[in-house]
**Student:** 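Attaching a single structure in structure tokens format; questions to follow.
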Amino acid sequence: MTRELCDLSIIELRNLLEKRKVSFSDITNSVVKRINEKEKTINGYISLFIEQAQELAQKLDKEVKDFNNLSILCGIPIAIKDNILVKDALITCASKILSNFIAPYDATVIRRLKENGAIIIGKTNLDEFAMGSSSEMSFYGAVSNPHNPELVAGGSSGGSAAVVAYGGAICALGSDTGGSVRQPASFCGVVGLKPTYGRVSRFGLVAFASSLDQIGQIARTVKDCAILLSVVGGWDSADSTSVKLPEAADWWIKAIESDINDIKIGIPKEYFVSGLDPDVGKAVTNMIKAITPHCKEVKEVSLPHTQYAISAYYLINMAEASSNLARYDAVKYGYRAKDCKTLRELYEKSRGEGFGEEVKRRIILGAYALSKGYYEEYYGTAQKVRTLIRNDFDNVFKEVSVLITPTSPTCAFRKGEKITDPLKMYLSDIYTVPASLAGLPAISIPCKDRVQGLPVGLQIIGKPFDEKTVLRVAAWLERL
Amino acid sequence: MLEQKELERLIRLTKIGLSETELELFGSQLAKIVDYFQNLKSLSLSNVEPTSHVVEITCPRRPDQKNPSPDNTLLAKMPWVKFDQFFVPIILDALSEE
């Protein structure tokens with residue numbers, strides 16, 4: 001198949017722009033054309049800003065005379081998950097309760113993208129309030145997998161991963177609370193990075209589970225992910241959990257091209273056990289075999305509390321969600337049920353009609369975990385287990401530079417397969433939630449082998465704020 | 001693990017109206033999830049400190065200066081605005097009822 005402009009990487013597009021072989025409008029129009037061809041089947045977008053995007057591209061064509069000192073993201077069409085605020089655009093979180101809400105300001109990541117001249121092409125579909133692993137639980141309908149529309153795209157950033165995979169954007173932002181960037185990237189065959197908690201400002205990201213949420217980058221190459229992170233990352237006075245770091249951001253882009261002969265890789269034995277699809281395991285193992293002769297050491301390591309990660313993660317996630325989503329009371333904004341006579345009725349009817357099933361389940365269970373008599377037993381216990389899981393990682397990172405695991409136990413599954421069994425859906429996050437609990441950087445890249453034509457994701461987990469090494473190993477594997 | 005009475009208490013706490021069908025469905029689903037969480041009870045945690053956040057949280061403070069209020073363009077984006085104010089249902093009677 002011929003690659004069109006919408007299939008190229010940021011670097012390739014910039015080369016063509018600098019050589020005047022293509023215009024900014026050519027790039028945007030190519031993306032728009034692909035959206036028009038695919039979107040009906042995929043349903044990756046909730047809102048599209050095609051006219052504004054084309055106008056901005058035309059403006060850049062007229063105004064840009066010199067590419068020196070021009071951001072590499074200038075004129076690049078980018079998709080944004082619809083839980084990140086873009087001023088004056090709808091921000092739905094794929095929920096009925098926010099279906100009429102216009103964002104009053106830009107998220108910090110959006111401000112930085114706009115300052116760099118990036119073109120925001122649209123807002124992408126997701127599981128409602130980012131709660132899900134399949135992007136089926138959206139008020140706007142399920143997202144389909146570009147490799148087979150009968151399969152899920154993964155979630156919750158399924159829209160962002162799917163549109164990048166089919167060429168409906170060059171790259172995208174998603175959010176990752178327990179794997180919501182990595183798992184859909186794995187299912188759709190693209191690269192998905194969850195930076196260290198604190199690396200990217202959460203200001204303007206709709207809060208779900210605040211101690212876990214992090215804005216992540218989705219692209220078709222590791223380098224494009226690094227470029228996107230270098231622009232949106234960095235300390236922000238508006239987010240007290242963002243971290244001041246001494247390094248400049250652009251060192252990753254050069255560093256990731258270097259060798260890996262100083263790298264020690266750990267393979268956690270708890271990630272290669274029953275429950276892992278043998279073909280997925282084989283695809284990941286083949287990648288490990290290929291990298292082994294080129295790095296300093298590959299060794300088996302142990303993360304003994306992995307089996308407790310799902311319980312700890314979901315208890316913390318639900319407790320924080322229950323607290324964060326209490327703000328949707330139908331008083332100042334959002335969906336308001338009709339004909340309510342009392343305040344209680346207004347709350348109950350609006351929240352009952354406005355939230356979808358999964359969101360209700362998590363709010364109710366979160367309230368249970370936080371309520372009198374159960375707090376220590378559930379929420380308190382989960383926080384202690386979180387410490388054990390962090391300690392496991394601290395211990396292995398004394399011996400190795402990164403860990404390699406599968407991203408998900410399976411390839412993309414059929415729509416409807418897990419939607420009626422929430423616990424089954426939660427268990428599919430087993431390989432991504434531990435790094436989230438520990439706040440570590442992790443990336444999913446496609447393996448060289450596919451399983452029945454479907455992409456398989458390989459996850460690389462690194463030390464806190466060591467995205468550089470994670471990206472370096474990912475880029476090396478990508479070159480295989 | 002999750003009795004009907006408990007579920008009703010949680011619905012009151014979270015102020016989420018559930019239909020009869022949802023009540024029935026959630027009763028069994030939530031019980032199954034809570035049962036799964038029991039696996040944490042096999043761990044000995046008496047000497048383990050809890051982690052609430054993986055980064056050190058500081059409380060940033062801005063100078064104690066007057067800042068302009070958001071202008072009316074912000075209100076204009078909200079539903080149910082009348083006379084530059086939020087229009088809310090009558091709540092005082094309802095509050096006494098609470």
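Just so it is clear: chains get the letters A, B, ... in the order the sequence lines come, proteins before strands, and each one is counted from 1.
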**Student:** Heavy atoms, side chains only, cut-off 4.5 Å: are Phe37(B) and Thr381(A) in contact?
**Tutor:** no

**Student:** Between Ser210(A) and chain B, with a heavy-atom cut-off of 4.5 Å, which part of the residue counts as in contact: side chain, backbone, both or neither?
**Tutor:** backbone

**Student:** Top residue by heavy-atom pair count (under 4.5 Å) with chain B, among Gly439(A), Ala312(A), Gly334(A)?
**Tutor:** Gly334(A)

**Student:** I'd like to verify something: which residue of Tyr105(A), Tyr197(A), Tyr426(A) has the highest number of heavy-atom pairs under 4.5 Å with chain B?
**Tutor:** Tyr197(A)

**Student:** Side-chain contact test, heavy atoms from C-beta onward, threshold under 4.5 Å: evaluate it for Thr51(B) versus Val385(A) and give yes or no.
**Tutor:** no

**Student:** Which heavy atom of Leu13(B) sits nearest a heavy atom of Ser371(A), and at what distance?
**Tutor:** CD1-CB, 4.3 Å

**Student:** By a 4.5 Å heavy-atom criterion (distance strictly below it), what part of Leu43(B) contacts chain A: side chain, backbone, both, or neither?
**Tutor:** side chain

**Student:** For chain A, find which of Lys32(B), Glu56(B), Arg62(B) contributes the most heavy-atom pairs closer than 4.5 angstrom.
**Tutor:** Lys32(B)

**Student:** Between Tyr379(A) and chain B, which part of the residue has a heavy atom less than 4.5 Å away: side chain, backbone, both or neither?
**Tutor:** neither

**Student:** To the nearest 0.5 Å, tell me how far Lys15(B) NZ sits from Ile363(A) CD1.
**Tutor:** 12.5 Å

**Student:** Is Val243(A) close to chain B through its backbone or its side chain, or both, or neither, when contacts mean heavy atoms under 4.5 Å?
**Tutor:** side chain

**Student:** Glu6(B) versus Tyr374(A): any side-chain heavy-atom pair under 4.5 Å?
**Tutor:** yes

**Student:** Just so I understand: if I count every heavy-atom pair under 4.5 Å between each of Leu315(A), Leu325(A), Asp329(A) and chain B, which residue has the most?
**Tutor:** Leu315(A)

**Student:** So, does Ser211(A) use its side chain to make a donor-acceptor pair with the main chain of His53(B) at under 3.5 Å?
**Tutor:** no

**Student:** With only heavy atoms counted, which part of Ala326(A) is less than 4.5 Å from chain B, the side chain, the backbone, both or neither?
**Tutor:** neither

**Student:** Please look at Ala330(A) and chain B and tell me whether the side chain, the backbone, both or neither of the residue comes under 4.5 angstrom of a heavy atom of that chain.
**Tutor:** backbone

**Student:** I need the minimum non-hydrogen distance between Trp80(B) and Tyr335(A), along with the two atoms involved.
**Tutor:** CH2-C, 4.3 Å

**Student:** May I have the step-by-step check of salt bridge (charged side-chain N to carboxylate O under 4.0 Å, His left out) for Lys384(A) and Glu49(B), ending in yes or no?
**Tutor:** CA-CA 6 Å; Lys384(A) 288 181 178 177; Glu49(B) 288 295 315; over 6 Å; no

**Student:** Give me the atom names and distance for the closest heavy-atom approach of Arg386(A) to Ser52(B).
**Tutor:** NH1-O, 3.5 Å

**Student:** Please give me the minimum heavy-atom distance between Pro422(A) and Ile33(B), naming the atom from each residue.
**Tutor:** CB-CD1, 4.1 Å

**Student:** Select one option (side chain, backbone, both, neither) describing which atoms of Ala438(A) are under 4.5 Å from chain B's heavy atoms.
**Tutor:** backbone

**Student:** Side-chain contact test, heavy atoms from C-beta onward, threshold under 4.5 Å: evaluate it for Tyr308(A) versus Asn39(B) and give yes or no.
**Tutor:** yes

**Student:** Who wins among Asn391(A), Ile102(A), Leu365(A), Ile316(A) for the most heavy-atom pairs under 4.5 Å with chain B?
**Tutor:** Leu365(A)

**Student:** Of all of Ile310(A), Leu212(A), Thr420(A), which one pairs up most often with chain B through heavy atoms under 4.5 Å apart?
**Tutor:** Ile310(A)

**Student:** If you count heavy atoms of other groups shown closer than 6.0 angstrom to NZ of Lys96(A), is the number above 12?
**Tutor:** yes

**Student:** Going through the checks in order, is the salt bridge (charged side-chain N to carboxylate O under 4.0 Å, His left out) test met by Glu348(A) and Arg12(B)?
**Tutor:** CA-CA 9 Å; Glu348(A) 289 186 351; Arg12(B) 265 199 317 280; over 6 Å; no

**Student:** To check you understand the geometry: which heavy-atom pair defines the closest contact between Gln307(A) and Tyr36(B), and what is its length?
**Tutor:** O-OH, 4.3 Å

**Student:** Where does Arg9(B) contact chain A at under 4.5 Å (heavy atoms): side chain, backbone, both or neither?
**Tutor:** side chain

**Student:** Counting heavy-atom pairs closer than 4.5 Å to chain B, which one of Ser237(A), Pro464(A), Ser311(A) comes out on top?
**Tutor:** Ser311(A)

**Student:** Taking everything shown except Glu8(B) itself, do over 12 heavy atoms lie less than 6.0 Å from its CD?
**Tutor:** yes

**Student:** Using non-hydrogen atoms only, which part of Arg390(A) is less than 4.5 Å away from chain B: side chain, backbone, both, or neither?
**Tutor:** side chain

**Student:** What part of Phe26(B) is in contact with chain A, defined as an atom under 4.5 angstrom from a non-hydrogen atom: side chain, backbone, both or neither?
**Tutor:** side chain

**Student:** Quick check: do Leu7(B) and Tyr368(A) have side-chain heavy atoms less than 4.5 Å from each other?
**Tutor:** no

**Student:** Between Arg351(A) and Thr14(B), do the side chains contain an N or O donor and an N or O acceptor separated by less than 3.5 Å?
**Tutor:** no

**Student:** Counting only heavy atoms closer than 4.5 Å, note whether Leu427(A) contacts chain B via side chain, backbone, both or neither.
**Tutor:** side chain

**Student:** Given a strict heavy-atom distance threshold of 4.5 Å, which part of Ser350(A) is in contact with chain B: side chain, backbone, both, or neither?
**Tutor:** neither

**Student:** Chain A heavy atoms under 4.5 Å from Leu45(B): which part of the residue, side chain, backbone, both or neither?
**Tutor:** both

**Student:** What part of Phe101(A) gets within 4.5 angstrom of chain B, counting heavy atoms only: side chain, backbone, both, or neither?
**Tutor:** side chain

**Student:** Tell me the closest heavy-atom pair linking Gly17(B) and Lys360(A), and the distance in Å.
**Tutor:** O-NZ, 4.4 Å

**Student:** Can you confirm whether Leu423(A) sits close enough to Asp35(B) that some side-chain heavy atom of one is under 4.5 Å from a side-chain heavy atom of the other?
**Tutor:** no

**Student:** Counting only heavy atoms closer than 4.5 Å, note whether Ser42(B) contacts chain A via side chain, backbone, both or neither.
**Tutor:** side chain

